[in-house]
Amino acid sequence: MTATPETPATPAMPAAVSDVDALLLVSFGGPEGPDDVLPFLRNVTAGRDVPRSRLEVVAEQYRMFGGRSPLNDQNRALAEALRAELPGLPVYWGNRNWAPYLTDTVAEMAAAGIRRAACFITSAFSSYSGCRQYRENLAAALAALPPATAAPELVTLRLFFDHPGFVEPMVDRCVAALAELPEKARADAHLLFTAHSLPLSQARASGPRGDAYPRQLRAVAGVIAAGVERVTGVRHPVELAFCSRSGPPTVPWLEPDVGDRLAELAGAGAVSAVVVPLGFVSDHMEVVYDLDVLAARRAAQVGLPVARAGTVGTDPRFVAMVRELVEEIRNPDLPRRALTEFGPWPQSCAPGCCMPSPRSQAAIQGAAEGGRHADAAILMGNDATSTGRRGERR
């Protein structure tokens, strides 16, 4: 189901324009070379008692690519594109798990006299690790500032999963990937949309009323498939699968796995598939290893022709979307564009949205009780201040 973009009713008195004097690009981070890989993985898994042997298995995946994640270079390119799109607005960049760390970047912003910064988180969908945790990371970075420091106000931009600046490039990526398939296999190709798997408990807690993560993914997949149909004249079957599962096998996660689903499609007589990395905005490790290596290998084993769609990266429409989201902060009366039944996602998250597990919540509460800038989370539409970590690879 697709909804037209919603335009708020004109209020009797216009809302005050509230400027920002910087943009902060917020991302996950990744190792820059072989010596960084294990320290980076220790950062990602801190507090989880993951054995070194397991970290070594994941480290080998990085070594296949020279021990360097693509993510930091992709964020550098995005930051440069944003500087060109937003002339005169300083663009900073900070990561959760590797340099430049958010704590250091926020300290740099405070030293530069930044008063109010818009924060663009490179994660499009609702979940604890993809949304709320980044807000907690920002609050923790503020709490780490020396007591006499004038802390900047950090205002997160809204989730963008159904914004045209994200959706329209993904339509084009799907069309381009279809053209890579053998001509006889294109018309009947399945569009297999993929995203990072989550523990079921985290998926069920996502969003203000639960299950927002899978519901958002399915809604946007349908909009993109409809866009592909407008371009090609073909309505392709739509599938949703997940990749990059980690953690003990006894803990249930979102399924099906993308490799398993490709094998099932082949067994059911499918002639081809396009794997669409919907849950990712750039070609980092979950894409180049889990999709381009593991999923592609599984498809080859079962004889299913596949092509992989690209991510949005620095597509000019995606970069312009960020500028549009910044303008929404500056002037709340501007129309807010969205292409699904969800409508434009709220600027501020509801209390209790995307709550972590009870164990993580206990750690968050302990940190909040001692944080100097505990009220910073309120400015960001959150109700906790701390960090938690989950075993992702970027």
Side-chain angles (χ1 to χ4, degrees), residues 2 70 74 122-125 127 130 160-182 185-198 213-245 254-266 270-300 304-315 317-318 321 339-340:
T2 302
Q74 290 159 4
T122 58
S123 179
F125 297 90
S127 72
F160 56 88
F161 61 91
D162 58 357
H163 192 285
F166 177 67
V167 171
E168 291 169 2
M170 291 306 298
V171 170
D172 291 350
R173 292 341 185 234
C174 290
V175 171
L178 284 166
E180 297 175 11
L181 292 171
R186 290 174 196 166
D188 295 324
H190 286 243
L191 297 180
L192 183 57
F193 292 88
T194 64
H196 203 300
S197 186
L198 297 179
Y213 182 72
R215 289 190 297 117
Q216 290 167 353
L217 286 164
R218 290 189 179 93
V220 178
V223 172
I224 293 171
V228 172
E229 182 178 8
R230 285 192 296 271
V231 175
T232 65
V234 178
R235 180 66 176 183
H236 293 272
V238 176
E239 306 273 344
L240 177 62
F242 299 92
C243 65
S244 310
R245 177 194 166 126
L254 287 171
E255 295 178 336
D257 172 78
V258 60
D260 292 343
R261 188 57 189 148
L262 288 169
E264 290 170 357
L265 288 173
V271 297
S272 65
V274 168
V275 177
V276 187
L278 180 60
F280 312 103
V281 301
S282 64
D283 286 14
H284 50 63
M285 283 295 288
E286 272 91 350
V287 176
V288 299
Y289 181 75
D290 291 352
L291 300 185
D292 293 350
V293 176
L294 294 183
R297 181 187 302 159
R298 189 75 178 276
L304 183 69
V306 296
R308 200 264 289 174
T311 51
V312 293
T314 57
D315 186 286
R317 293 164 292 184
F318 183 65
M321 178 201 76
L339 298 176
T340 69

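Screening residues 215-233 for side-chain hydrogen bond (donor to acceptor under 3.5 Å, both in side chains), with sequence neighbours left out, gives Ser126-Gln216.
Looking at Asp257 and Arg245, their side chains never come closer than 4.5 Å, going by heavy atoms from C-beta outward. With a 4.5 Å cut-off on side-chain heavy atoms, Glu255 and Ser197 do not count as touching. Within the 4.5 Å cutoff, the side chain of Val276 has no heavy atoms near those of the Ile224 side chain.
Taking CG from Leu265 and CG from Leu192, the interatomic distance works out to 6.5 Å, rounded to the nearest 0.5 Å. Here the CG atom belonging to Asp283 is positioned 3.5 Å from the OG1 atom belonging to Thr311, to the nearest 0.5 angstrom. Expressed to the nearest 0.5 Å, how far CD of Glu239 lies from CG of Leu262 amounts to 9.5 Å. Rounding to the nearest 0.5 Å gives a distance of 11.5 Å between CE of Met285 and CG of Leu291. Note that the CZ atom of Arg317 and the NE2 atom of His163 stand 12.5 Å from one another [nearest 0.5 Å].
Taking each heavy atom of Val281 and Val312 in turn, the nearest pair found is O-CG2, 3.4 Å. Taking each heavy atom of Val167 and Val220 in turn, the nearest pair found is CG2-CG1, 4.2 Å. Of all the heavy atoms in Arg186 and Ala179, the pair that sits closest is NH2-O, 3.1 Å. Between Cys243 and Phe280, the closest heavy-atom pair is SG-CZ, 3.7 Å. Contact detail for Ala124 and Phe160: the closest heavy-atom pair is CB-CE1, 3.4 Å. Contact detail for Ser272 and Ala185: the closest heavy-atom pair is OG-O, 2.6 Å.
A salt bridge links Asp292 to Arg308: one of the charged nitrogens lies within less than 4.0 Å of a carboxylate oxygen.
At distances below 3.5 Å, at least one donor-acceptor pair connects side-chain atoms of His236 with backbone N or O atoms of Ala189. Side-chain atoms of Arg173 do not come within 3.5 Å of backbone N or O of Ala309 as any donor-acceptor pair.
Residues forming a ring-ring contact (aromatic ring centres under 6.0 Å, His included) with Phe193 (at least two apart in sequence, or on another chain): none. Remark: Arg298 pairs with Asp260, Ala263, Gln301 by the side-chain contact (heavy atoms from CB on, under 4.5 Å) rule, at least two apart or across chains.
Considering Leu217, Leu240, Val258, Asp290 in turn, Val258 is the only one that fulfils the side chain to side chain contact (heavy atoms under 4.5 Å, CB included) rule with Thr194.
Using cut-offs of 30° and 60° for the angle between ring planes, the Phe166 and Phe125 rings count as perpendicular.
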